[in-house]
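Inspection log for the structure reproduced underneath, given as structure tokens.
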Amino acid sequence: MADLFERLFPGGEIEPNIPVHAFTAAITDYVAGHTTRNQIIGVWSLDAEAQADMNKFCDAIDLLGTKINKIAFALELDAVMLLAEAGMKYTTKADFKTRLNL
């Protein structure tokens, strides 16, 4: 089983990898109310561990309250994920979750 972080940044060993741009697009669409968490889970066939992470992730987004706060989070998420993917920062699960307050 792979958690969500491992599916996003697997280091080549866990497949299929979730493309960072596609994930941030799905989260942005979730924030806008046009995609559900179950649709995101289904698209990438997330296993139980990754589904639990996805639910925690969506719960944290939902707690942000206003749509503008959620959009700001989606923009931050995009930057953090791109930095992690490039190996520049937030390359560990702990750093990633801490940076995003998850």
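Side-chain atoms of Arg7 come within 3.5 Å of backbone atoms of Trp44 as a donor-acceptor pair (strictly under, hydrogens ignored). Of the possible donor and acceptor atoms, none in the side chain of Thr91 sits under 3.5 Å from a partner among the backbone N and O of Gly87. Remark: the backbone N or O of Thr24 is not paired with any side-chain donor or acceptor of Asp78 at under 3.5 angstrom.
Atom CG in Asp62 sits 5.5 Å away from atom CZ in Arg37 (nearest 0.5 Å). Here Asn38 contributes atom CG and Met54 contributes atom CE; the two are 9.5 Å apart, rounded to the nearest 0.5 Å. Distance check, rounded to the nearest 0.5 Å: SG of Cys58 to CD of Gln51 gives 11.5 Å. With rounding to the nearest 0.5 angstrom, the CD1 atom of Ile18 is 5.0 Å from the CG atom of Leu46. Rounding to the nearest 0.5 Å gives a distance of 5.0 Å between NZ of Lys93 and CD of Glu6. Taking CG from Leu77 and CD1 from Ile71, the interatomic distance works out to 13.5 Å, rounded to the nearest 0.5 Å.
Contact of the His21 side chain with the Leu82 side chain is registered, since non-hydrogen atoms from C-beta on lie closer than 4.5 Å. Between Leu102 and Phe5 there is no side-chain heavy-atom pair separated by less than 4.5 Å.
Remark: of the listed residues Ile68, Leu100, Asn101, Val31, Leu100 is the sole one forming a side chain to side chain contact (heavy atoms under 4.5 Å, CB included) with Phe73. Test Phe23, Phe96, Tyr90 against Phe9 for ring pair (Phe, Tyr, Trp, His ring centres under 6.0 Å) and you get one pass: Phe96.
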Next item on the list: Please assess Ile40 against Phe57 for the test side-chain contact (heavy atoms from CB on, under 4.5 Å), listing each intermediate value before the final yes or no.
Entry: CA-CA 12 Å; Ile40 296 169; Phe57 198 81; over 6 Å; no
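Closest approach of Ile41 to Asn55, counting heavy atoms only: CD1-OD1, 4.2 Å. When all heavy atoms of Glu76 and Arg99 are compared, the closest pair comes out as OE1-NH1, 2.9 Å. Across Val20 and Glu85, no two heavy atoms sit closer than the pair CG2-OE2, 3.5 Å.
A salt bridge does not link Lys97 to Asp3: none of the charged nitrogens lies less than 4.0 Å from a carboxylate oxygen.
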